[in-house]
Amino acid sequence: MQHDEVIWQVIRHKHCSYMAKIETGIFCRNPYNVTGICNRSSCPLANSRYATIREHESVFYLYMKTIERAHMPNNLWERVKLPRNYEKALETIDKHLLYWPKLLQHKIKQRLTKMTQMRIQMRKLALKTREKIMTTPRRDTKRESRREEKAIKAAVLDKAIETELLERLKKGIYGDIYNYPELEWNKVLDEEKQVAEGVEEQEEEEPEIEYVEGYEELEEEEDMEDFSGFPSNGSGFDDDDELDSGDEEEDDDVEEQVVIHKKGKRDSRKADDVGKSKKKKRVVVEVEQEDGDVRQTLKTAH
Amino acid sequence: MGFKRKKGDGDGEEMESEVRGRPSFNTAERRNVILPSMIKNKDKRAKVYAKQKHEKKVEKQKKIKARDAAEKQALELGEEPPQKMVPKTIENTREADETVCRPDDEELFADIDADEFNPVLRREVTPKVLITTCRFNSTRGPAFISELQSVIPNSDYRKRGTYDLKKIVEYAKKKDYTSLIVVHTNRREPDALLIIGLPNGPTAHFKLSNLVLRKDIKNHGNPTSHEPELVLNNFTTRLGNRVGRFFQSLFPQEPNFRGRRVVTFHNQRDFIFFRHHRRYIFDVKEDKQSGAKGKDGVAKERVKPRLQECGPSFTLKLVTLQHGTFDTKGGEFEWVHKPEMDTSRRRFFL
């Protein structure tokens, strides 16, 4: 007992490596401490008769130390395995700590309660799925974005989509939906057939599936460029260009038709206009409207 | 040593080079040309470098001129113009991949017949899609999801809650959905797309980037609710084929051409670009192209489809493709992206 007092005086007033002072209080980091607070009655070093509960792989053990073994640090702590059942564990504790100070018994039972609650909680959590956070080095993310930019430039998307749609139009998938003038269309088709002799379209047709996967696109696009089929402009709404091209060419042989793209919904009304005006030599200029509904057409006949 | 050393020769004892800047031929003609970086004097170095650049430029211009002149001559004489050189692109010089699909591959057909998308693609089952998110909120997530709903017909959105993904998969199976899309967010932005085919279809995890919502697109159009037409470009390899069919299985197989909606998945260098357009086709005149293009000088009509962009546009990159439904621990992964696959700039997998 005197021994304990001395130890406590020295520890508390000089230095204890297990002591942790935080703004909320003074705590003890010693793993054998029952309450976790740095106290005269809770310090495992300054009490020769002491007991704790510790856990190992979700099994609880009762540790006890008595003054008779104080000189043998090797065998200082006596360990008793506590049963899984909470009540049975309480009974075991009672049995072992029968004549021990009430305070210690009380604290130990409190600790047991807390630990069982924690054990339940941890098991519940382990069942749930949690998202795991993975990190990628910044180098990789930057590299990806760089490559993506270049890929966007390499994939001239609008052109690719347009060529694909045109092909489908040619193949006749769309049927009669697009009212374009038949004669002119056939003429163009004939011309292009002569030009495009070498181009074979190898399509892999899967039965009954309408649209074709374009993984032959690579070859086909090269061929396209070879016979220099399609206009190279992007599908921008370049009204000015069209206007200019309309104004410049005033050939009599050639019918002109300048169509500026409109915002808003398109109907086949527009296609009818196309059909009609093809026959006459007119310049049809449609002015772009902000609303989709009202249309103004300036028709100047030549 | 009175003079400044101009060249980094091995030993500094070559006094024979009295004239500054002369190359030394003593070391077995190892260097005929002086590298500007060998000159220590900054002034002189800059001059030499500028001179070299200028010479190169002049040479190149001469070459181009000569080439053009030759071509012109050949055309005038009526002969074949010399072959135009094709510039090397990454697509041109892509590493040969043995898994590229060939049109006559029977194994491919057999695989296609046996894979999970077959019922949908053969129109036995109409696709029904369930869209959900991850557990966390995001600023752009809901807008993106509503746009996705407008793009993919027959799609439903459910809030995530805190359900396990596997539970959600079971729920969707029970309710006869054909696919499940999970939009994953990171830092308040939609970040990844997890597409799960049902009932036991593959799971594809994509990284989503570069998302542009409809309202941010200039001159955007509003999509109708007709079934869209699909364009799948550049899915060359077996893996690409599989992914392409996966996308196909999200959409109904009877496109309504009158609706004039096009949905495009374009694969370029392993990035899949998604675009959504409304298409119009009309004629555009092109008269009398000068020389090169028109083989006949006659006026030609070109039919050109015009596209108006509507709907979101984003980029996807495949991260993993797993054989069954979502199961990261026990599942069988068909393809996983590893950083070591990025080492070659000419190798692509899709």
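Quick note on labels: first sequence line is chain A, next is B, and so on, each numbered from 1.
Using modelled atom types, one finds no donor on one side chain facing an acceptor on the other under 3.5 Å when comparing B:E227 with B:Q253. Checked by atom type, the side-chain pair B:T224/B:H226 shows a donor-acceptor distance below 3.5 Å.
Only the side chain of B:H184 comes within contact range of chain A, with at least one heavy atom under 4.5 Å from a heavy atom of that chain. With a threshold of 4.5 angstrom between heavy atoms, B:V86 does not approach chain A through any atom at all. With a 4.5 Å cut-off on non-hydrogen atoms, B:K317 touches chain A through its side chain but not through its backbone. Of the atoms belonging to B:F136, it is side-chain heavy atoms, and not backbone ones, that fall under 4.5 Å from chain A. Both the backbone and the side chain of A:R147 come within contact range of chain B, judged by heavy atoms closer than 4.5 Å. There is no contact between B:K84 and chain A, counting heavy-atom distances below 4.5 Å. Residue A:K150 touches chain B through both its backbone and its side chain, counting heavy-atom pairs closer than 4.5 Å. Using a 4.5 Å cut-off between heavy atoms, B:D270 makes no contact with chain A at all.
Between B:F274 and B:F265, the ring-plane angle classifies as perpendicular under the 30° and 60° cut-offs.
By the neighbour-count criterion of 12 heavy atoms within 6.0 Å, atom CZ of B:F349 is densely surrounded, having more than that number from other residues, nucleotides or ligands.
Classification of A:R168 and A:E164 as a salt-bridged pair holds, one side-chain N sitting under 4.0 Å from a carboxylate O. At a threshold of 4.0 Å, the pair B:R260-B:E229 does not count as salt-bridged, since none of the basic side-chain nitrogens sits closer than that to a carboxylate oxygen.
Chain A forms the most heavy-atom pairs under 4.5 Å with one residue out of B:D342, B:I90, B:T89, and that residue is B:D342.
Taking the six-membered ring for Trp, B:F206 and B:F246 have ring centres at least 6.0 Å apart.
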